[in-house]
Amino acid sequence: DITDFAQAATAEDLPATSSAGLHGSIGIGVGTRPEYEGAKDRKTRPAPYINLFYGDTFFLTGMKAGANLLRYQNEQGVTVTAGPLLALRGGREQDDHAALNGLGDIDRALDAGGFVRFRKQGWQASVDVRQNLTNTDQGATVNFSAGHGMRVSEKLRLRTSVDTTWASSDYMKTFFGIDALQSAQSGIAQYAAGSGFKHVGASLMADYSINREWAGFATLRYKRLLGDAADSPIVATLGARDQVTASVGVKYHF
């Protein structure tokens with residue numbers, strides 16, 4: 001999934017001050033990640049960086065687009081935003097890795113849902129719910145995250161975050177289950193994967209300002225697969241529960 005090339009900035013990083021028109025950052029880098037979710041082998045490929053806003057309402061960040069339609073701030077300085085969300089879900093091809101041979105391809109898909117985000121100074125937390133629209137057998141996910149950003153120096157900014165995802169039974173069966181036909185074609189034992197939390201993760205992201213327009217970025221993300229996802233044969237036997245993703249690149253701010 002391209003979203004596992006963790007972005008150095010996300011939709012939660014909406015500037016505190018409003019800006020009219022289109023603004024944000026675009027860039028390119030190189031990243032390394034597991035060949036599929038749960039793989040022990042890795043691949044390296046270009047890592048695009050997209051973090052765009054229109055005004056302080058609409059955003060496109062990574063593979064997600066949404067709108068901050070509801071906004072509230074209390075006396076303690078906590079800002080709450082909420083709105084609709086669209087997201088591209090990465091697929092999987094059985095040719096991606098020998099462990100997937102015979103399991104068939106999983107198409108890329110479009111998710112729709114909504115989000116709620118909480119922000120106070122450098123602290124942020126969010127919850128989003130996504131239901132697949134284009135492939136009904138890919139189910140739904142609920143994603144939770146919390147993080148803190150801080151400026152280390154005039155040029156360097158760091159952000160740390162933790163996250164976890166709950167996935168429906170349809171999602172888990174599609175990405176981690178092995179049905180009778182797949183078992184016959186691949187030689188892997190049948191496996192029934194049910195709903196539950198599929199991973200916990202932690203990320204470290206850095207921005208280094210080169211000048212007013214240009215900056216370098218680097219990300220490091222660790223993810224531990226859980227429950228039925230971790231026990232799937234393509235993870236426990238043919239892959240690895242521990243997943244690491246990293247990227248480095250440059251971006252242009254406008």
Side-chain angles (χ1 to χ4, degrees), residues 1-8 10 28-50 61-64 87-109 111 130 132 135 138-139 141-145 147 160-168 170-178 182 186-189 191 193 196-206 217-249:
D1 189 337
I2 196 169
T3 59
D4 267 347
F5 283 131
Q7 300 290 331
T10 65
I28 189 67
V30 62
T32 178
R33 67 173 175 88
E35 294 198 353
Y36 63 89
E37 188 176 19
K40 60 182 177 182
D41 299 316
R42 313 180 59 74
K43 61 182 173 182
T44 300
R45 62 169 51 182
Y49 180 102
I50 303 171
T61 177
M63 296 292 103
K64 298 184 295 184
L88 289 178
R89 180 181 295 183
R92 191 181 74 194
E93 295 185 5
Q94 63 178 352
D95 294 336
D96 287 344
H97 193 278
L100 304 177
N101 289 342
L103 300 185
D105 297 339
I106 300 174
D107 294 333
R108 290 180 178 270
D111 291 351
R130 309 180 198 178
N132 183 255
N135 294 309
Q138 289 194 21
T141 59
V142 183
N143 309 284
F144 306 87
S145 66
T160 58
S161 64
V162 294
D163 68 278
T164 187
T165 294
W166 177 92
S168 70
D170 282 343
Y171 179 101
M172 296 291 282
K173 285 187 290 187
T174 297
F175 286 91
F176 298 102
I178 310 293
Q182 290 173 321
S186 67
I188 302 172
Y191 178 74
F197 284 92
K198 74 179 186 75
H199 79 258
V200 293
S203 301
L204 173 64
M205 293 150 279
F217 68 87
T219 73
L220 179 64
R221 172 168 167 75
Y222 167 77
K223 182 167 70 174
R224 173 78 174 181
L225 294 177
L226 303 174
D228 284 4
D231 293 338
S232 171
I234 64 171
V235 178
T237 304
L238 302 172
R241 293 181 173 92
D242 298 307
Q243 308 276 282
V244 177
T245 303
S247 64
V248 61

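Everything numeric here is computed off the predicted structure, so don't read it as measured data.
A side chain to side chain donor-acceptor pair (under 3.5 Å) with Asp111 holds for exactly one of Arg130, Arg89, Lys64, Gln138; it is Arg89.
Between Ile234 and Ile188 the shortest side-chain heavy-atom distance falls below 4.5 Å. Taking the side chain as every heavy atom from C-beta outward, Phe175 and Lys198 never approach each other to under 4.5 Å.
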Test log, rule ring pair (Phe, Tyr, Trp, His ring centres under 6.0 Å), inputs Phe217 and Tyr49
CA-CA 9 Å; Phe217 68 87; Tyr49 180 102; 4.9 Å; yes
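Residues forming a side-chain contact (heavy atoms from CB on, under 4.5 Å) with Ser161 (at least two apart in sequence, or on another chain): Ser203, Met205.
Salt bridge absent: Arg33 and Asp41 never bring a charged side-chain N and a carboxylate O closer than 4.0 Å. Ion pair Asp163/Arg221 flagged as a salt bridge, since at least one NZ, NE, NH1 or NH2 atom sits closer than 4.0 Å to an Asp/Glu carboxylate oxygen. Residues Lys223 and Glu37 are paired through a salt bridge, judged by an N-O separation under 4.0 Å between the basic side chain and the carboxylate.
To the nearest 0.5 Å, the span separating CD on Glu35 from CG on Leu100 amounts to 9.0 Å. Taking OH from Tyr171 and CH2 from Trp166, the interatomic distance works out to 12.0 Å, rounded to the nearest 0.5 Å. Within the model, atoms CG of Asp95 and CG of Asn101 stand 6.5 Å from one another, a figure rounded to the nearest 0.5 Å.
Ring-plane geometry between Tyr36 and His97 is classed as perpendicular, the angle between the planes exceeding 60 degrees on a 0 to 90 degree scale with a lower cut at 30.
With hydrogens and angles left out, the side-chain atoms of Thr141 and Thr165 include no donor and acceptor closer than 3.5 Å.
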